[in-house]
Number of protein chains: 2
Amino acid sequence: MATRTRRSQRRTEALSRERIVEAAVELLDAAGEGGLTFRALTERLATGPGAIYWHVANKSELLDAATDAVVAAALAIEPAESPDAPRGKIRAVALGLFDAIDEHPWLATQLATQLSRSPWGSVTPRIFESIGRQVGAVGVPEGSQFTATSALVHYILGAAGQNAANGRVLGPDVDRGDFLDAVSKAWEELDPDDYPFTRSVADQMREHDDREQFLAGIDLVLAGITALHLPNGQASAPPAT
Amino acid sequence: MATRTRRSQRRTEALSRERIVEAAVELLDAAGEGGLTFRALTERLATGPGAIYWHVANKSELLDAATDAVVAAALAIEPAESPDAPRGKIRAVALGLFDAIDEHPWLATQLATQLSRSPWGSVTPRIFESIGRQVGAVGVPEGSQFTATSALVHYILGAAGQNAANGRVLGPDVDRGDFLDAVSKAWEELDPDDYPFTRSVADQMREHDDREQFLAGIDLVLAGITALHLPNGQASAPPAT
DNA sequence: ACCTGAACACCGTTCAAGT
DNA sequence: ACCTGAACACCGTTCAAGT
C-alpha cells in the first residue's frame with residue numbers, strides 16, 4: 001500500500017494557538033530542542049510559516065508557551081486526598097515536576113533559561129505558589145517563608161534538571177543499569193590524587209535511584225527548614241517510604 | 001582618525017585550541033549564547049571556519065570547552081587561609097560558582113544542558129569533588145555522602161542558575177532596585193484567589209539580596225544534613241555574617 | 001481575519017585546494 | 001600539519017498576495 005506518513009491531509013480544524021503549542025510539545029518530546037523547527041511545524045500542521053506567525057510572535061514565545069503548558073499540566077495533578085499534610089504535599093508537587101521533566105527532558109534547559117530570563121513570567125509564580133503555600137502550612141514564620149520557599153524551588157529545579165536526560169542520554173534503548181555502570185566506572189578511573197572523593201562514592205552512584213535520591217534531597221531541605229526556621233525543632237522526620 | 005575596530009590585524013600567534021576557547025568565552029560574555037557564532041569567531045581570530053574546525057570538532061564541543069574553562073577557573077580560587085573549617089569551605093566553593101555564573105550568565109543554561117547530557121564529563125566531577133570532600137570533613141558518614149553532596153550540588157546549580165541573568169535581564173543599564181520593584185509589583189497584581197502566597201511575599205522579594213539569599217539556602221541544606229545525617233545533632237548554626 | 005509560499009539573511013559544517 | 005574560503009543545506013522570519 002505504501003501509505004507514507006500521511007501527506008498533506010487537509011487540515012480539518014482551523015489553526016489555533018493551542019493547536020500550535022500542542023504540536024510544538026509533540027515535536028520537542030519526539031526529537032528534543034533541535035526537533036522544534038518552523039519547517040517541521042508547518043509540515044505537521046499542514047500550513048506555511050506565515051500562518052504560524054499569525055498566532056505566535058516568534059520561536060521564543062512558542063517555547064515559553066510550550067513550557068508553560070507542560071508545567072501547568074504537571075502542577076494541576078493534585079494528589080486527590082491530601083496524603084499527610086504539608087510536607088507530603090511538598091513532596092507531591094516536587095515529584096510532579098520531577099516526573100514532568102523526566103517525560104519532557106527539554107523542560108530542564110527551557111525552565112532554566114526561562115526562569116533566568118523573566119522571573120515574572122507565568123511559570124515561576126506557578127511553581128512558587130504551589131510550594132510556598134505548603135511552606136506556610138508547615139509553620140514557617142512569615143519572615144522566613146520567602147527564603148525557605150526559594151531554597152526548595154531552587155533545589156527542585158537543580159535536581160530535576162540534572163536528572164532530566166540521564167536515562168535518555170543515548171536514547172531509550174540504553175539500559176539504565178548499563179548507563180550507571182558506565183558512569184560509575186568512569187568515576188573509578190579518575191585520578192586518585194585529584195578526585196579521591198568522587199572515586200570513593202562511585203559505587204553509591206551506581207546503586208542510587210533517581211527518584212529516591214531526589215526525595216531524600218527534599219527531605220534534607222525540609223529538615224533544614226525545620227531546624228533553622230521553626231521556633232522549636234519540632235518533629236520533622238520524614239515518613240518511611 | 002576613524003580607527004574602526006582593528007581590522008584584519010594579522011594574527012601574530014598561531015591559532016590554538018586555547019586561543020579559540022578564550023575567544024569563545026569573550027564572545028559569550030559580550031553577547032550571550034547568541035553571540036557565539038563561527039562567523040564572529042573567525043572575524044575575531046582573523047581566520048576562516050576551516051581553521052577553527054581543525055582544532056575543535058564542532059560548536060557543541062566548543063561550548064563544553066568554554067564551560068569547563070570557566071568552571072575550572074572558578075573552582076581554582078582557593079579561599080587562601082581556610083576560613084572556618086568544612087562548612088566555611090563549602091560556602092566558599094558555592095559562592096565561587098555563584099559569582100562565576102553571575103559574571104558569565106550563559107553558564108547557567110550551559111551547565112544545565114551539559115550536566116544532563118554527560119554527567120561523566122569533566123565539569124560534574126570537578127564540582128562534585130570540591131563539595132564532596134568538605135561533606136566528608138563535616139563528619140557525614142560514608143553511606144550518606146553521595147546523597148548529601150548531591151543535594152548541595154543540585155541546590156547550588158538550581159539557585160545560581162536562576163539568579164544568573166536576574167540583573168542582566170535588560171542589559172546592565174537597568175537598575176537592580178527598579179528591576180526588583182517591577183517584579184514585586186507584578187507579583188502584587190496577581191490574582192488573589194490563585195496566588196495568595198506569592199502576593200504575600202512580594203515585599204520580601206523586593207528587599208532580598210541575591211547572595212545573602214543564596215547563602216541562606218546553603219545553610220538550610222547544611223542544617224538539614226546535620227539534622228539527618230550526623231549521629232547527634234551537633235552544632236550547625238551558621239556563623240554570623 | 002486568517003492563511004499561502006516565495007524570498008532573505010544568517011547559521012553550522014564541509015572540503016578541495018593551498019602552504 | 002595547519003590554514004583558506006567558497007559552497008551547501010538548513011534555519012527563523014518577513015511580506016506581498018490571496019481568500
Side-chain angles (χ1 to χ4, degrees), chain A residues 5-67 106 109-110 113-114 117-118, chain B residues 5-67 106 109-110 113-114 117-118:
Chain A
T5 52
R6 47 176 168 77
R7 289 209 125 275
S8 64
Q9 201 180 71
R10 217 69 204 98
R11 216 180 326 115
T12 143
E13 317 169 67
L15 215 47
S16 69
R17 194 183 152 92
E18 296 90 61
R19 183 67 198 96
I20 294 174
V21 171
E22 185 188 321
V25 170
E26 289 167 10
L27 285 174
L28 286 164
D29 287 348
E33 210 105 13
L36 178 60
T37 68
F38 277 81
R39 304 283 197 282
L41 214 45
T42 54
E43 194 181 345
R44 194 180 200 94
L45 295 170
T47 35
I52 294 173
Y53 275 94
W54 201 90
H55 293 277
V56 155
N58 50 42
K59 187 174 182 179
S60 166
E61 189 191 293
L62 181 54
L63 229 20
D64 283 0
T67 303
W106 50 274
T109 309
Q110 199 45 37
T113 30
Q114 190 170 336
R117 197 176 56 242
S118 58
Chain B
T5 51
R6 47 176 167 78
R7 289 207 125 278
S8 64
Q9 201 179 72
R10 216 71 203 97
R11 216 180 327 115
T12 145
E13 318 169 66
L15 214 47
S16 69
R17 194 183 152 92
E18 297 89 61
R19 182 69 198 95
I20 294 173
V21 170
E22 184 188 321
V25 170
E26 290 166 11
L27 284 174
L28 286 165
D29 287 349
E33 209 104 14
L36 178 60
T37 69
F38 277 82
R39 304 280 196 284
L41 214 45
T42 55
E43 195 181 344
R44 193 180 199 92
L45 294 170
T47 35
I52 295 173
Y53 275 94
W54 202 90
H55 293 277
V56 155
N58 50 41
K59 186 174 182 179
S60 165
E61 190 192 293
L62 180 55
L63 229 20
D64 283 0
T67 303
W106 50 272
T109 310
Q110 199 45 36
T113 30
Q114 190 170 338
R117 197 177 57 241
S118 58

Mind checking A:Leu36 for me? I need base, sugar-phosphate or nothing, with any heavy atom below 4.0 Å counting as a touch.
-> sugar-phosphate
Exercise: identify the closest heavy-atom pair between B:Ala65 and B:Arg17 | CB-NH2, 3.7 Å
Could you give the CG-to-P distance, from A:Leu41 to D:dC10, as a whole number of Å?
-> 18 Å
Using the P atom in both, what is the distance from C:dA17 to D:dC2, to the nearest Å?
-> 22 Å
DNA chain D: B:Pro49 or A:Pro49, which has the more 5' nearest nucleotide?
-> B:Pro49
Round to a whole Å and report the spacing from CG of A:Asn58 to C1' of D:dC11.
-> 14 Å
Interatomic distance, B:Leu45 CG vs D:dC2 P [rounded to whole Å] | 16 Å
Side chain of B:Phe38 (C-beta onward), nearest among C:dT13, D:dC3, C:dC3 | C:dT13
Pick the nucleotide of DNA chain C nearest each of B:Gly34 and A:Ser16; which residue has the one closer to the 5' end?
-> A:Ser16
Looking only at heavy atoms, the pair that brings B:Leu41 and B:Ala23 closest together is CD1-CB, 3.9 Å
Between D:dA7 (P) and B:Tyr53 (OH): distance, integer Å | 18 Å
Separation of atom CD in B:Glu33 from atom P in C:dG12, rounded to whole Å = 12 Å
Name the closest nucleotide to the B:Ala14 side chain, picking from D:dT4, C:dT13, D:dC3.
-> D:dC3
State whether A:His55 places a side-chain N or O below 4.0 Å from either non-bridging phosphate oxygen (OP1 or OP2) of C:dC3.
-> yes
Is the side chain of B:Lys59 donor-acceptor paired with the backbone N or O of B:Leu36 at a distance under 3.5 Å, no angle test?
-> yes
Could you state the CH2-P distance from B:Trp54 to C:dG18, rounded to the nearest angstrom?
-> 20 Å
Any-strand Watson-Crick or G-U partner of D:dA1, both distances under 3.5 Å = C:dT19
Gap separating the CD1 atom of B:Ile52 from the CG atom of B:Leu45, nearest 0.5 angstrom = 5.5 Å
Nearest whole angstrom, please: distance from the C1' of C:dC3 to the CZ of A:Arg17.
-> 18 Å
Figure out the NZ/P separation between B:Lys59 and C:dT14, and round it to whole Å.
-> 14 Å
If you check every side-chain atom of A:Arg39, which of C:dC11, D:dT14, D:dG12 has the closest atom?
-> D:dG12
Name the pairing partner of D:dA6, where a pair is Watson-Crick or G-U wobble with both distances under 3.5 Å, or state none.
-> C:dT14
Which nucleotide in the list D:dC11, C:dG12, C:dC3 gets nearest to the side chain of A:Ala51?
-> C:dC3
Would you give the length of the straight line joining atom CG of A:Leu28 to atom CG of A:Leu62, rounded to the nearest 0.5 angstrom?
-> 8.0 Å
